[in-house]
Asks: 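What follows is a structure written as structure tokens; I'll ask about it next.
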Amino acid sequence: MRAVLVTGGSRGIGRAVALEFARGGDRVGVQYAANRADAEETLRQLPGEGHVLLQAELGEPDAAERLVSRAVAELGAVDVLVNNAAVAPTEANRHLVADTPLAEWQRVWRRMVDVNLLAPADLCWAVAHHLIGRAAGGAIVNVGSRGAFRGEPDFPAYGTTKAALHALGQSLAVALAPHGIAVTSVAPGFVATERQAAKLTGAEGERLRAQSPFGRVGTPEEIAAAVHFLASPAAIWASGTVVDLNGASHLRI
Ligand code: NAP
């Protein structure tokens, strides 16, 4: 039974990931920032024993190291890290370059870089040091985005942090392989999470579903299944990969 730290587990993809690991018999540390009631609902849904809730505002400079210390204390160890939490695109943080004043542009960029890139980097550092200290193998899976490859014109900071997260995973895959630690990323296209529900109605919903030749958007469970596999010992040879999970809506060469 592994101990798994899942960031952003209060809802959406993070909740599905937490459920997938718990169904596989693992113990899960469910991190959330502000939505404690939602995180408690995730915890309530997890089968098995020994799961814990961990609050952390990952925009704070020392939050990642503190979070890993608490996860180790409460779970006994961390064998798998899933970097899923992010400041995702919303109407409130749209920052199309031509329409956005500099002060707002800088505010959104700094917030997204702090939460979406620097916090995962620090979490990778802390979990890597923990695993190396135990002389234990393990796995890190980063939740990136198709937007890293396709561009995010309305949310360039978001697309940039996701591209950087993929690149971070590739560098760490090489650096941590001698320690038996696999590092991978997934790059989902549009996923029908609670946050995205309103976009799936009307004409915008039709447009989003038409992005994929399957004629639909992805589900949180499809992302969770891939994350679970990538964190398994069977997937160690996939270390360094960035897996497209977008229903053939964007093909890379
Ligand atoms: P979501 O519903 O917006 O959930 C975000 C999660 O991250 C929540 O648990 C939230 O905690 C946590 N979080 C946000 N800001 C935080 C902060 N400053 N510190 C700590 N935790 C914070 O996200 P989602 O749609 O499930 O997406 C999950 C991941 O998949 C993200 O990395 C996203 O970029 C990526 N992704 C999503 C899609 C999609 O279409 N849904 C597509 C591609 C990639 P609280 O609830 O407590 O605030």
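Indexing begins at 1, ligand by ligand and atom by atom, following the structure's order.
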Asks: Tell me which protein heavy atom sits closest to atom 31 (C) of ligand 1, plus the residue, atom name and distance to 0.1 Å.
Replies: Asn84 O, 3.1 Å
Asks: Less than 4.0 angstrom from a charged side-chain N to a carboxylate O is my criterion; do Arg110 and Glu104 meet it?
Replies: no
Asks: Are the ring centres of His95 and Tyr158 closer than 6.0 Å?
Replies: no
Asks: In terms of residue, atom name and distance, what is the protein heavy atom nearest to atom 27 (O) of ligand 1?
Replies: Ile13 CD1, 3.9 Å
Asks: For ligand 1, which atoms, with element, lie under 4.0 Å from some heavy atom of Gly9?
Replies: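 Reading through ligand 1 atom by atom, the close ones are 9 (O).
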Asks: May I ask whether Gln31 places a heavy atom under 4.0 Å from ligand 1?
Replies: yes
Asks: Does ligand 1 have any atom sitting under 4.0 Å from a heavy atom of Lys162?
Replies: yes
Asks: For Gly144, counting its heavy atoms only, list the atoms of ligand 1 lying under 4.0 Å from any of them.
Replies: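 Result: 35 (C), 44 (C).
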Asks: Is there a polar contact between ligand 1 and Leu58, counting only N or O atoms under 3.5 Å apart?
Replies: yes
Asks: Does Val191, backbone or side chain, put an N or O under 3.5 Å from an N or O of ligand 1?
Replies: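 Yes: some nitrogen or oxygen of Val191 is under 3.5 Å from one in ligand 1.
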Asks: Say whether Gln106 and Arg111, considering side chains only, have a donor N or O and an acceptor N or O under 3.5 Å apart.
Replies: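 No, no side-chain donor-acceptor pair sits under 3.5 Å.
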Asks: Please identify which atoms of ligand 1 are closer than 4.0 Å to at least one heavy atom of Val143.
Replies: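 Reading through ligand 1 atom by atom, the close ones are 29 (C), 30 (O), 32 (O), 35 (C).
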Asks: Looking only at protein heavy atoms, which one is nearest to atom 33 (C) of ligand 1, and what is the separation?
Replies: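 Nearest protein contact, heavy atoms only, for atom 33 (C) of ligand 1 is Tyr158 OH, 3.5 Å.
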Asks: When you measure from the heavy atoms of Gly189 to every atom of ligand 1, does any distance fall below 4.0 Å?
Replies: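 Yes.
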Asks: Looking only at protein heavy atoms, which one is nearest to atom 23 (O) of ligand 1, and what is the separation?
Replies: Arg195 NE, 3.7 Å
Asks: Suppose I only count heavy atoms of Gln196 and a 4.0 Å limit; which atoms of ligand 1 are within that range?
Replies: 39 (C), 40 (O), 41 (N)
Asks: Going by the atom numbers of ligand 1, which of them fall below 4.0 Å from some non-hydrogen atom of Gly12?
Replies: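 Reading through ligand 1 atom by atom, the close ones are 26 (O).
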Asks: Of all the atoms in ligand 1, which lie at a distance below 4.0 Å from a heavy atom belonging to Ala56?
Replies: 19 (N), 20 (C)
Asks: Touching ligand 1 at all, Asp38? Heavy atoms, strictly under 4.0 Å?
Replies: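 Heavy atoms of Asp38 never come under 4.0 Å of ligand 1.
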Asks: Find all atoms of ligand 1 within a distance of less than 4.0 Å from any non-hydrogen atom belonging to Arg111, and give their numbers and elements.
Replies: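 It comes down to these atoms of ligand 1: 18 (N).
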Asks: Within a distance under 4.0 Å of any heavy atom of Phe190, pick out the atoms of ligand 1 and give their elements.
Replies: 40 (O)
Asks: Taking non-hydrogen atoms only, is Thr193 closer than 4.0 angstrom to ligand 1 via side chain, backbone, both or neither?
Replies: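 Within the 4.0 Å criterion, Thr193 contacts ligand 1 through side-chain atoms alone.
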Asks: Answer yes if the side chains of Thr42 and Arg11 hold a donor-acceptor pair under 3.5 Å, and no otherwise.
Replies: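 No, no side-chain donor-acceptor pair sits under 3.5 Å.
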Asks: For atom 22 (C) of ligand 1, what's the nearest protein heavy atom and its distance?
Replies: Ala33 CB, 3.7 Å
Asks: Just to be sure I'm reading this right: ignoring hydrogens, which of Asn35, Val30, Leu208 gets closest to atom 45 (P) of ligand 1? Compare them by their nearest heavy atoms.
Replies: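 Checking each option, the heavy atom nearest atom 45 (P) of ligand 1 is found in Asn35.
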